[in-house]
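See below for the structure under consideration.
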Amino acid sequence: MEENRKIALVTGASRGIGRDTALALARTGKDLVITYKSEKDKAAAVVSEIEEAGGKAVALQLDAADNASFVDFTASLTALLTQKWNKTQLDYLIHNAGTGAMNGFLDTTEEQFDEMINVHLKSVFFLTQKLSPLLADQGGIVNISTGLTRFTTPGASIYAAAKGAVEILTKYMAKELGPRGIRVNVVAPGPVDTDFGGGHGDNQGFRAFIASQTTLGRIAVPGDIGGVIASLCSPEMAWVTAQRIEVSGGMLL
Ligand SMILES: NC(=O)c1ccc[n+]([C@@H]2O[C@H](COP(=O)([O-])OP(=O)(O)OC[C@H]3O[C@@H](n4cnc5c(N)ncnc54)[C@H](OP(=O)(O)O)[C@@H]3O)[C@@H](O)[C@H]2O)c1
């Protein structure tokens, strides 16, 4: 029944949380379109891993900071859906792509401000607008926020503010897309051991500090997050919309 398989688009799935999300979605029988910004080989490796496990996947390049490119991206995606799946629509959209620019509030430049707003907020707003005709009724959208909208750490002001705006936007998207049966939720991970913001390398002190602030006693790995995002794309979650789901192991309760 290949023609009935759902298709999910996960942005920023060449590495980290997006990669784990794509693999988790594939394990639940979804086909995947994943995007990368510059790590084409890593994206190709994710595609191979999915296809070797019997799934169907393809990678497209996307710069979430480049709003002007969304028209071309939408055209490429439309052509791809026809060529690879003989379909005109996909079912799930996961806005995961992102980078961190950590700087103190007083030191944050306008350039860093614009980058964070473009990548984390403007892309979710306008890419969803552009992709809306390609998103099937009864489908779903998952936005990605951060625990930093609930608790604070110095250096995350504009990043966290952009994510806070995404949480509000999630409710409005859920309200306006709800009549089409499209559910929109936002997942807010606590700290996850990925390359994000330059990664933590062998900084065991940082990991120990996070562990000390976390009820479940360690920093998260991508495998703690992707399955939660994928679960929001399951029939069991069909009555869940406009919700912020924090996945932080109980950080700073
Ligand atoms: N790690 C954490 O502690 C944490 C906590 C809470 C929330 N989050 C959020 O989770 C999401 C994923 O983070 P992660 O930790 O998995 O990061 P990551 O390991 O650094 O991976 C980032 C992914 O996003 C892509 N990407 C980066 N900049 C992009 C841009 N301008 N346009 C399009 N794609 C871009 C990267 O593509 P390339 O590989 O091609 O560069 C990569 O696939 C982000 O939205 C982040 O804010 C992370």
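In each ligand, atom 1 is the first atom listed, and ligand 1 is the first ligand listed. Basis for what follows: all heavy atoms, side chains included, without hydrogens, waters or symmetry-related copies. Keep in mind it's a predicted model, so treat the numbers as computed, not measured. Numbers here simply count residues along the sequence, with the first being 1.
For ligand 1, the polar-atom distance check against Thr194 finds a nitrogen or oxygen pair separated by under 3.5 Å. Geometrically, ligand 1 and Arg15 share a nitrogen or oxygen pair separated by less than 3.5 Å. When only interatomic distances are considered, the shortest N/O to N/O separation between Thr35 and ligand 1 does not fall below 3.5 Å. Of the N or O atoms in Val119, none lie within a sub-3.5 Å distance of an N or O in ligand 1.
Of the charged side-chain nitrogens involved, none lies within less than 4.0 Å of a carboxylate oxygen, so that Arg5 and Asp91 do not count as a salt-bridged pair. Salt bridge annotation for Asp193-Arg207: present, with a cationic side-chain nitrogen under 4.0 angstrom from a carboxylate oxygen.
When each atom of ligand 1 is checked for a heavy atom of Ile144 under 4.0 Å away, the hits are 9 (C), 10 (O). The distance from ligand 1 to the heavy atoms of Thr99 drops below 4.0 Å at these ligand atoms: 27 (C), 28 (N). Atoms of ligand 1 lying under 4.0 Å from at least one heavy atom of Ser145, given by number and element, are 6 (C), 7 (C). The distance from ligand 1 to the heavy atoms of Asn96 drops below 4.0 Å at these ligand atoms: 10 (O), 11 (C), 12 (C), 44 (C), 45 (O). Against a heavy-atom cut-off of under 4.0 Å, Gly190 is close to the following atoms of ligand 1: 3 (O), 5 (C), 6 (C). Numbered from 1 in the order shown, with element, the atoms of ligand 1 that lie under 4.0 Å from a heavy atom of Glu39 read 38 (P), 39 (O), 40 (O), 41 (O). Every atom of ligand 1 with a heavy atom of Pro191 under 4.0 Å away is listed here by number and element: 3 (O). Contact atoms of ligand 1 toward Ser38: 38 (P), 40 (O), 41 (O) (distance under 4.0 Å to a heavy atom of the residue).
Nearest to atom 16 (O) of ligand 1 by heavy atom, out of Asp193, Ile17, Asp20, is Ile17. With atom 39 (O) of ligand 1 as the reference point, the heavy atom nearest to it among Ser14, Gly12, Ser248 is part of Ser14. Looking at Gly98, Ala13, Ala188 and measuring to atom 24 (O) of ligand 1, the nearest heavy atom belongs to Gly98. Comparing heavy-atom distances from atom 2 (C) of ligand 1 across Thr21, Val192, Asp63 singles out Val192 as nearest.
Under 4.0 Å from ligand 1, the heavy atoms of Lys163 that appear belong solely to its side chain.
Other residues, nucleotides and ligands contribute at most 12 non-hydrogen atoms within 6.0 Å of the CD atom of Glu176. Counting non-hydrogen atoms of neighbouring residues, nucleotides and ligands closer than 6.0 angstrom, the CZ atom of Phe126 exceeds 12 such neighbours.
Ser123 and His95 are not linked by any side-chain donor-acceptor pair at a separation below 3.5 angstrom, with hydrogens and angles left out of the test. In this model, a donor atom of one side chain and an acceptor atom of the other lie less than 3.5 Å apart for Gln112 and Asn103.
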- Message: Set out, in order, the CA-CA distance, both residues' side-chain angles and the distance that settles salt bridge (Lys or Arg N to Asp or Glu O under 4.0 Å) for Lys84 and Glu51, then state yes or no.
- Response: CA-CA 13 Å; Lys84 195 154 174 102; Glu51 294 199 325; 3.6 Å; yes

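For the pair Ser248 (side chain) and Met251 (backbone), a donor-acceptor distance under 3.5 Å is present.
Using a 4.5 Å cut-off on side-chain heavy atoms (C-beta onward), Ile229 and Asp20 make no contact.
Scanning all protein heavy atoms for the shortest distance to atom 29 (C) of ligand 1 gives Lys37 CD, 3.6 Å.
Counting only residues at least two apart or in different chains, side-chain hydrogen bond (donor to acceptor under 3.5 Å, both in side chains) contacts with residues 138-161 comprise Asn143-Thr170, Ser145-Glu167, Thr149-Glu167, Thr149-Arg244, Arg150-Glu246.
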